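The structure appears right after this line, and notes come after that.
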Amino acid sequence: MDNKLYIYNTLHRKKELFVPLHAPHVGMYVCGPTVYGDPHLGHARPAITFDILFRYLKHLGYKVRYVRNITDVGHLENDADSGEDKIEKKARLEQLEPMEIAQYYSNRYHKAMEALNVLPPSIEPHASGHIPEQIEFVKKILEAGFAYESEGSVYFDVEKYDKKYHYGKLSGRNIDELLETTRMLEGQEEKRRSVDFALWKKASPEHIMRWKSPWSEGFPGWHLECSAMSTKYLGEEFDIHGGGMDLLFPHHECEISQSTAALGKESVRYWMHNNMITINGQKMGKSLGNFITLEEFFSGNHPLLSQAYEPMTVRFFILQAHYRSTVDFSNEALQASEKGLERLMEGYERLQKLIPSDTSSSDMSGLRLRCEEAMCDDLNTPIVIAHLFEAVKFINLVYDGKATVSAADLEELKDVFRLFVEDLLGLKKEDENFAKYEALKKAVDLLLEIRLEAKRNKDWATSDKIRDELTALGFEIKDTKDGFEWKI
RNA sequence: GGUACUUUGGCCGAGAGGUUAGGCACCGGUCUGCAAAACCGCAUACGGCGGUUCGAAUCCGCCAAGUACCUCCA
C-alpha cells in the first residue's frame with residue numbers, strides 16, 4: 001500500500017488522498033440498477049468505473065467489501081402519474097408478478113455485466129429484502145425529530161434538518177433556492193414544504209407492492225434503501241459511496257440527510273460520481289428514449305449502430321475516457337476503440353512470443369510506475385492505456401527484430417501487462433468455443449502450410465487462391481519472413 | 001429562472017504556466033512476388049475578446065455555444 005491513491009471527492013469538489021477508515025478494510029457502496037428494463041450503455045459506465053476501483057483497491061492490498069444494490073421496489077414513475085411504481089407499471093403492462101419483472105431484469109443485468117467482465121460485488125442486496133431495516137431507519141429519523149407523519153406517510157423535514165445540519169452540502173444547492181425553483185407537484189398537500197421527501201408512502205388501493213409498517217401499508221421512500229442497506233453492511237460510517245452524476249441530487253443529497261438525521265453523523269467519507277454517456281451530445285437515458293441496450297450493442301441490432309460491438313470493445317471504449325468526463329457515443333468512436341483494443345491485445349499476445357536478448361535497446365522500466373501513478377491519480381485509465389500503447393510500440397519493434405529486450409525486462413513487461421491489461425483494466429480476449437477454435441486453427445494452419453509450399457515452388461496461382469479464398473471466408477492472412485500468421 | 005460543468009488537431013480523448021499524450025482515419029515511406037500487418041514520417045490543436053506573466057491552451061475577467069441537475073433516471 002505504498003501507492004497514494006487520490007480520488008475526487010464530490011463532497012469537497014477536489015481530489016483527496018484516500019485514507020480508509022479501518023485499513024486494511026475498505027467499504028464501498030454503489031447505486032445499482034432499478035430492474036425494470038434492459039441494461040443499456042448508461043448502466044455500463046458506473047459498473048465499469050467502480051469495477052476498476054474495486055480491482056485497484058484490491059491490488060493495493062485492501063480487503064474490500066463492495067456493496068451494490070438492486071432496486072426492485074421501484075420508484076415513483078413521476079408525480080403526475082398517480083405515484084405508480086415503475087416495476088409495478090411494467091408488471092401490469094406485461095401481466096406479470098412484480099417480482100417476476102425484477103428477477104428477469106436482474107438476470108439480464110447480471111448477464112450483461114458478466115459479458116463486460118465486471119466482477120460481481122461482495123454483496124448485492126435487494127431493496128425488497130430490507131423492508132424491516134428501512135422501517136427501522138424511518139423510526140430512527142422520527143425519534144431524532146427530523147420527520148413527521150402525515151396521513152399514513154412519513155416525510156423528511158428538510159427545513160428542520162437544514163437548521164441543525166446542512167441540506168445541500170453535496171449538490172451545492174440551498175434550501176431557499178429549492179423552495180423557489182421546485183415546481184408544485186401533485187399530492188404535495190401532505191407535505192409541509194415542497195422540498196420534503198417521502199421516507200414512507202402509504203399505498204393507494206391499486207398499489208400491488210406493499211408492506212406493513214407502523215404508519216400504513218405502503219412502501220419505502222425513494223432514497224431510503226441506500227441509507228438502510230449501506231449502513232447495514234458497511235457500518236454507520238464507511239469509506240466510499242459511488243453512483244452516476246445524475247443521482248447527485250436529489251438522491252444522494254437525501255441519503256446524506258437521512259443518514260445524518262438517523263445516526264447523528266455522516267456516513268460517507270468519499271462520494272464519487274461517474275459522468276454520463278451522451279449520444280449526439282445529449283445524455284443517454286431511459287427517460288429520453290435515446291438509449292441503446294447492451295444487448296443491442298452486442299448484436300448490432302439498433303438503427304444507430306452500423307455494426308455489432310463486442311463487450312470488450314464497449315468496456316475499452318468506456319475506459320478510454322476518464323470516468324468524470326462525459327463520453328459521446330458514435331460508431332466512429334466505437335470503431336476506433338475496436339481497432340485500438342485489437343492493437344493492444346495483439347501486442348499483448350506478441351509479448352508472450354518475444355525472444356529475449358542480452359540487453360534491452362530501450363528502457364521500459366518506468367512503465368509499471370507510470371501506470372500506477374495514472375491509476376492513483378483518480379483512476380486515470382486513459383493515461384494507463386496510453387502508456388500501454390507506448391509499450392506495444394516497443395513490443396512490435398522487438399517482434400520485428402528492430403529492437404531487443406533482455407530476459408529480465410521481458411518478464412517485467414509481461415508482468416506489467418498481465419497486471420494492468422487483465423487484472424486491473426479487466427480486458428480479455430474473447431474466445432468462446434475454445435475447442436472448436438482449436439480444431440479450426442489446425443485446419444487453417446494445414447492449409448497455410450500448403451500455401452507455403454506452393455510459394456516455395458513459386459506457384460502463385462495456388463498460393464493466391466488459398467489466400468484469396470480464405471480472405472473471402474473472413475480470414476485475414478499475413479505473411480511473415482519464414483511463415484505466416486492468420487486470424488478471423 | 002437557479003446551480004454546476006464543458007468547449008482541445010478530420011474523429012475520439014488525455015494533459016497542463018515554457019518540453020511528443022495516446023488511439024482511430026488520411027497521406028508518404030520501409031518491408032513484401034502482391035496484399036495485409038508491423039515500423040518510420042506527417043497534424044504544430046487547445047471557443048472568442050481582454051488581462052496577469054519573461055512566457056498561457058493551461059491563471060483571472062467578460063462574452064459565446066453546449067450539457068447536466070433542479071421530476072424517475074447510471
Side-chain angles (χ1 to χ4, degrees), chain A residues 13 30-34 36-37 39-50 71 74-81 85-86 168 171-174 176-178 180-183 185 195 222 242-251 253 273-278 281-288 291 316-317 320-322 324-341 343-344 346-347 350 374 377 380-390 392-393 395-397 399-403 455 458 460 463-464 467-468 471 476-481 485-487:
Chain A
R13 311 261 160 179
V30 173
C31 290
T34 303
Y36 66 99
H40 57 79
L41 192 58
H43 289 100
R45 180 93 121 136
I48 289 170
T49 298
F50 294 104
T71 298
H75 291 312
L76 295 179
E77 176 79 15
N78 62 52
D79 294 86
D81 201 3
D85 259 6
K86 281 178 170 170
S171 59
R173 273 154 229 272
N174 71 63
D176 297 324
E177 270 165 18
L178 288 169
E180 280 170 25
T181 59
T182 305
R183 60 165 210 231
L185 305 163
V195 285
W222 320 343
M245 254 177 201
D246 49 349
L247 297 177
L248 220 146
F249 188 89
H251 184 57
E253 195 68 65
H273 292 91
N274 63 273
N275 214 320
M276 304 289 102
I277 285 178
T278 59
Q282 215 191 8
K283 186 176 89 162
M284 183 181 286
K286 186 97 185 162
S287 53
L288 295 166
F291 65 96
F316 189 68
F317 172 65
Q320 268 188 305
H322 185 86
R324 283 192 290 111
S325 303
T326 56
V327 58
D328 197 56
F329 157 84
S330 70
N331 280 292
E332 226 183 340
L334 258 306
Q335 281 157 9
S337 287
E338 185 176 53
K339 286 183 183 157
L341 176 64
R343 182 174 153 86
L344 180 66
E346 208 164 295
R350 282 183 179 171
D377 184 15
N380 201 328
T381 53
I383 293 292
V384 173
I385 290 169
H387 290 326
L388 291 173
F389 271 119
E390 276 167 33
V392 165
K393 201 172 217 174
I395 290 165
N396 283 329
L397 280 172
Y399 187 78
D400 273 10
K402 291 170 184 158
K455 274 176 71 180
K458 302 213 184 289
W460 308 129
S463 89
D464 282 1
R467 187 186 63 199
D468 293 346
T471 304
E476 196 177 324
I477 313 301
K478 292 176 237 173
D479 285 354
T480 59
K481 255 181 220 140
E485 267 183 22
W486 65 269
K487 64 184 175 187

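Naming: A, B, ... by sequence-line order, numbering from 1 per chain. Every value quoted in this text rests on a predicted model; they were computed, and no experiment measured them.
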Are OP1 or OP2 of B:C40 and a side-chain N or O of A:Lys402 less than 4.0 angstrom apart? no
Does the side chain of A:Ser325 get closer than 4.0 angstrom to OP1 or OP2 of B:A14 through an N or O atom? yes
Would you say the base of [N] and the side-chain of [X] have a donor-acceptor pair closer than 3.5 Å?
| X | N | answer |
| --- | --- | --- |
| A:Arg467 | B:C34 | yes |
| A:Asp377 | B:G15 | no |
| A:Lys393 | B:C39 | no |
| A:Asp479 | B:C34 | yes |

Report the distance from atom CG of A:Asn396 to atom P of B:A37, rounded to the nearest whole Å. 12 Å
Can you check the A:Leu388 CG to B:G22 C1' distance for me, whole Å?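 Taking atom C1' of B:G22 as the reference, CG of A:Leu388 is at 11 Å.
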Choosing from [options], which nucleotide comes nearest the side chain of [X]?
| X | options | value |
| --- | --- | --- |
| A:Pro250 | B:C72, B:A14, B:A38 | B:C72 |
| A:Leu247 | B:G22, B:C73, B:A38 | B:C73 |
| A:Arg343 | B:G15, B:C24, B:C11 | B:C24 |
| A:Ala333 | B:C12, B:A14, B:C24 | B:C12 |
| A:Glu390 | B:G15, B:C69, B:G22 | B:G22 |
| A:Trp460 | B:C69, B:G33, B:C39 | B:G33 |
| A:Ser463 | B:G33, B:G23, B:A37 | B:G33 |
| A:Arg350 | B:A14, B:A37, B:C70 | B:A37 |
| A:His322 | B:G2, B:A14, B:G23 | B:A14 |
| A:Ile383 | B:G2, B:C34, B:A14 | B:A14 |

How would you label the contact of [X] with the nucleic acid (heavy atoms, under 4.0 Å): base, sugar-phosphate, or nothing?
| X | result |
| --- | --- |
| A:Asn174 | nothing |
| A:Lys339 | sugar-phosphate |
| A:Asp328 | sugar-phosphate |

When the [atom1] atoms of [N] and [M] are considered, how many whole Å apart are they?
| N | M | atom1 | value |
| --- | --- | --- | --- |
| B:U71 | B:U3 | P | 16 Å |
| B:A16 | B:A57 | C1' | 9 Å |
| B:C46 | B:C59 | P | 16 Å |
| B:G9 | B:A43 | C1' | 6 Å |
| B:G47 | B:U58 | C1' | 15 Å |

Quick check: closest heavy atoms across A:Val392 and A:Gly347, and the distance to 0.1 Å?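 A:Val392 and A:Gly347 have their closest heavy atoms at CG1-CA, 4.2 Å.
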Each stem that RNA chain B is part of, given as range with range (3 or more consecutive Watson-Crick or G-U pairs, under 3.5 Å):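 Correct response: B:1-7 with B:64-70, B:10-12 with B:22-24, B:27-30 with B:38-41, B:47-51 with B:59-63.
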Would you check if the side chain of A:His387 reaches a backbone N or O of A:Val384 as a donor-acceptor pair within less than 3.5 Å? no
